[in-house]
Amino acid sequence: MIKDIVILGSTGSIGEQTLDIVRNFQDKYCVKALTANKSAEKLVAQAREFNPEYVVIGDGEYYNFVKEELSGTKCKVFSGKEEINNIAEIECDVVVAAIVGFAGLEPVYKAISKGRKVAIANKEPLVAAGHILIDLAKKSGANILPVDSEHNAIFQCLEKKHKDFVRRIILTASGGPFLNWDIDDIKNVNPEQAIAHPNWSMGAKISVDSATMMNKALEVIEAYHLFAMPFDKIDVVIHPQSIIHSMVEYLDGSVLAQMGAPDMRTPIVYALGWPERVDGISKKLDIFNMNDLQFIKPDYNKFPLLKKAYDCLEAGQAYCIALNSANEIAVEAFLNREIDYSEINSCVEYVLNYIDIGNVSAIDDVIEYDLYSREIAKKYLSARKSK
Ligand code: NAD
Ligand code: MG
């Protein structure tokens with residue numbers, strides 16, 4: 001049976017890799033809808049190739065362009081945030097959540113509330129609202145299938161019936177481009193240096209997060225929600241080769257690890273095929289070339305943002321929201337060359353010290369708290385910029 005797929009954020013790194021899989025298995029998958037924010041030309045090219053029923057461009061400025069370019073095709077073209085939310089609700093076999101950042105929260109919420117199978121790469125909604133999304137999935141019958149490689153690995157290694165026998169989850173981290181740099185040299189790196197990831201080719205935001213190791217902090221919180229695991233049972237180990245994608249250690253001493261070449265098409269195809277195993281197009285793991293696997297304890301002095309995950313989980317979910325919001329604002333400012341690299345950390349620190357604990361039990365509370373945290377981050381950064 002051919003699976004109908006909706007791809008939210010189709011023009012990004014995960015979106016394009018998903019389409020690469022579809023391109024190779026047209027007998028298995030059919031694209032029903034594509035969405036993007038501003039990458040209008042890429043979206044049009046994708047729509048011409050995959051001929052979806054619906055195409056949504058988030059930014060209304062590009063609507064006429066996309067509409068005209070796709071006239072004469074079967075694609076119905078829409079634009080705006082609300083239309084992305086609507087597309088997330090349409091009938092389909094799998095929704096691939098590949099928008100970057102908190103902006104993906106509402107569409108993910110909509111897809112889960114419809115009981116869909118959601119292949120989720122977009123970690124920020126899980127960080128900010130995992131407590132709500134997981135509950136919602138239980139009620140709606142949705143399956144949340146992690147695409148983030150570490151969580152996909154844990155999903156594969158964690159057997160439900162053995163969950164009470166887990167000693168800990170071990171998330172692996174590459175350590176990013178500055179792993180072997182001196183702390184003082186890292187302070188003033190530029191965006192090009194920060195996004196030059198040694199193992200993965202990803203969008204700009206997650207690449208900067210990997211450099212600061214905020215990505216791993218977000219992933220600790222993501223794991224906490226996805227696997228209902230106490231945070232003191234979630235550890236991080238730096239494994240620069242990115243061959244072991246994460247591990248589960250059981251009380252009997254067994255450690256189950258999932259391995260593979262660093263290729264996001266492996267977790268994507270796993271999620272698309274679940275609960276079956278299906279053919280993929282990922283690079284094969286060259287086992288004769290993996291005899292130097294390293295495992296290093298993370299240095300919180302070098303990567304202070306990593307520790308924030310544990311501090312925030314202890315302080316409460318509102319802090320996890322603020323951690324993500326402050327980081328999104330700071331990373332954007334850094335990528336726009338408005339602030340120095342070291343100010344990403346100081347901005348996050350400032351926001352976490354400033355905020356009060358809030359009630360974030362409903363989705364609207366989360367959205368409000370995110371806005372509130374962003375405002376504090378923006379004020380902090382604009383004061384810095386005017387200095
Ligand atoms: P990207 O920047 O390459 O692509 C983002 C996509 O989201 C694009 O299609 C863009 O048009 C769309 N988008 C951006 N802002 C939007 C908005 N405001 N509204 C609607 N759409 C918007 O990002 P990416 O690297 O593909 O990452 C996507 C998500 O997957 C992120 O949450 C990231 O953390 C996660 N992830 C990515 C990788 C990877 O290898 N790239 C690995 C693990 C997890
Ligand atoms: Mg990851």
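For ligands, and for the atoms within them, numbers begin at 1 and follow the listed sequence.
- No salt bridge links K38 with E61; every basic N to acidic carboxylate O contact stays at or beyond 4.0 Å.
- Nearest protein heavy-atom contact of atom 15 (N) of ligand 1 is N37 ND2, 3.6 Å.
- No N or O atom of G15 sits closer than 3.5 Å to an N or O atom of ligand 1.
- Judged purely by distance below 3.5 Å, without hydrogens or angles, the side chains of S246 and H151 never pair a donor atom with an acceptor atom.
- Cluster membership for F295 and I234, using ILVMFWY side-chain heavy atoms within less than 4.5 angstrom, is not shared.
- At a cut-off of 3.5 Å, with distance as the only test, a side-chain donor of Q317 or H225 sits close to an acceptor on the other residue.
- Within 6.0 Å of CD in Q294 there are more than 12 heavy atoms belonging to other residues, nucleotides or ligands.
- Of all the listed residues (I99, I14, D209, I206), I99 holds the heavy atom that lies closest to atom 29 (C) of ligand 1.
- A103 CB, 3.4 Å is the protein heavy atom nearest to atom 18 (N) of ligand 1.
- The only option from D292, T172, L179 that meets the side-chain contact (heavy atoms from CB on, under 4.5 Å) definition with P240 turns out to be L179.
- If you look at E124 next to ligand 1, the close heavy atoms, those under 4.0 Å, all belong to the side chain.
- Between S201 and ligand 1, no N or O atom pair is found at a separation short of 3.5 Å.
- Heavy atoms of S10 found under 4.0 angstrom from ligand 1 belong exclusively to the backbone.
- The closest protein non-hydrogen atom to atom 43 (C) of ligand 1 is D148 OD1, 3.1 Å.
- If you look at D148 and ask which of its N, O or S atoms sits nearest the Mg ion (ligand 2), the answer is OD1.
- Contact annotation: for M264 versus ligand 1, heavy atoms closer than 4.0 Å belong to the side chain alone.
- Put simply, part of A98 is less than 4.0 Å from ligand 1, judged by heavy atoms.
- Checked by distance only, ligand 1 and S149 stay at 3.5 Å or farther apart across all their nitrogen or oxygen atoms.
- When OE1 of E150 and OE2 of E219 are joined through the Mg ion (ligand 2), the resulting angle is 100° to the nearest 10°.
- Contact atoms of ligand 1 toward G9: 6 (C), 7 (O), 9 (O) (distance under 4.0 Å to a heavy atom of the residue).
- Scanning all protein heavy atoms for the shortest distance to atom 25 (O) of ligand 1 gives G203 N, 2.8 Å.
- In this structure, F165 has its ring center no closer than 6.0 Å to that of Y250.
- Of the heavy atoms in A121, both backbone and side-chain atoms come closer than 4.0 Å to ligand 1.
- For I84, no nitrogen or oxygen atom sits less than 3.5 Å from a nitrogen or oxygen atom of ligand 1, counting backbone and side chain alike.
- A side-chain N or O of E124 and one of N122 form a donor-acceptor pair less than 3.5 Å apart.
- Residue, atom and distance of the protein heavy atom nearest to atom 3 (O) of ligand 1 are S13 N, 2.9 Å.
- Around the NZ atom of K307, the shell of radius 6.0 Å holds no more than 12 heavy atoms that belong to other residues, nucleotides or ligands.
- Around NZ of K114, the count of heavy atoms belonging to other residues, nucleotides or ligands within 6.0 Å does not exceed 12.
- Shown here is K297, whose NZ atom has no more than 12 heavy atoms of other residues, nucleotides or ligands within 6.0 Å.
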Apply salt bridge (charged side-chain N to carboxylate O under 4.0 Å, His left out) to residues E106 and K81 and explain how you reach the verdict.
CA-CA 9 Å; E106 285 182 65; K81 191 170 165 257; 3.0 Å; yes
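- If you chain together hydrophobic residues whose side chains sit under 4.5 Å apart, M214 and F334 fall into the same group.
- In this structure, the protein non-hydrogen atom closest to atom 4 (O) of ligand 1 is G12 CA, 3.1 Å.
- Hydrophobic clustering (ILVMFWY, side-chain heavy atoms < 4.5 Å, transitive): L226 and M247 are in distinct clusters.
- Every atom of ligand 1 with a heavy atom of A36 under 4.0 Å away is listed here by number and element: 11 (O).
- At the top of the distance list for atom 10 (C) of ligand 1, counting protein heavy atoms only, stands T11 OG1, 3.9 Å.
- Here the protein heavy atom with the shortest distance to atom 34 (O) of ligand 1 is K123 CE, 3.1 Å.
- In terms of polar-atom proximity, Q17 is not counted as a contact of ligand 1, lacking any N or O under 3.5 Å from an N or O of the ligand.
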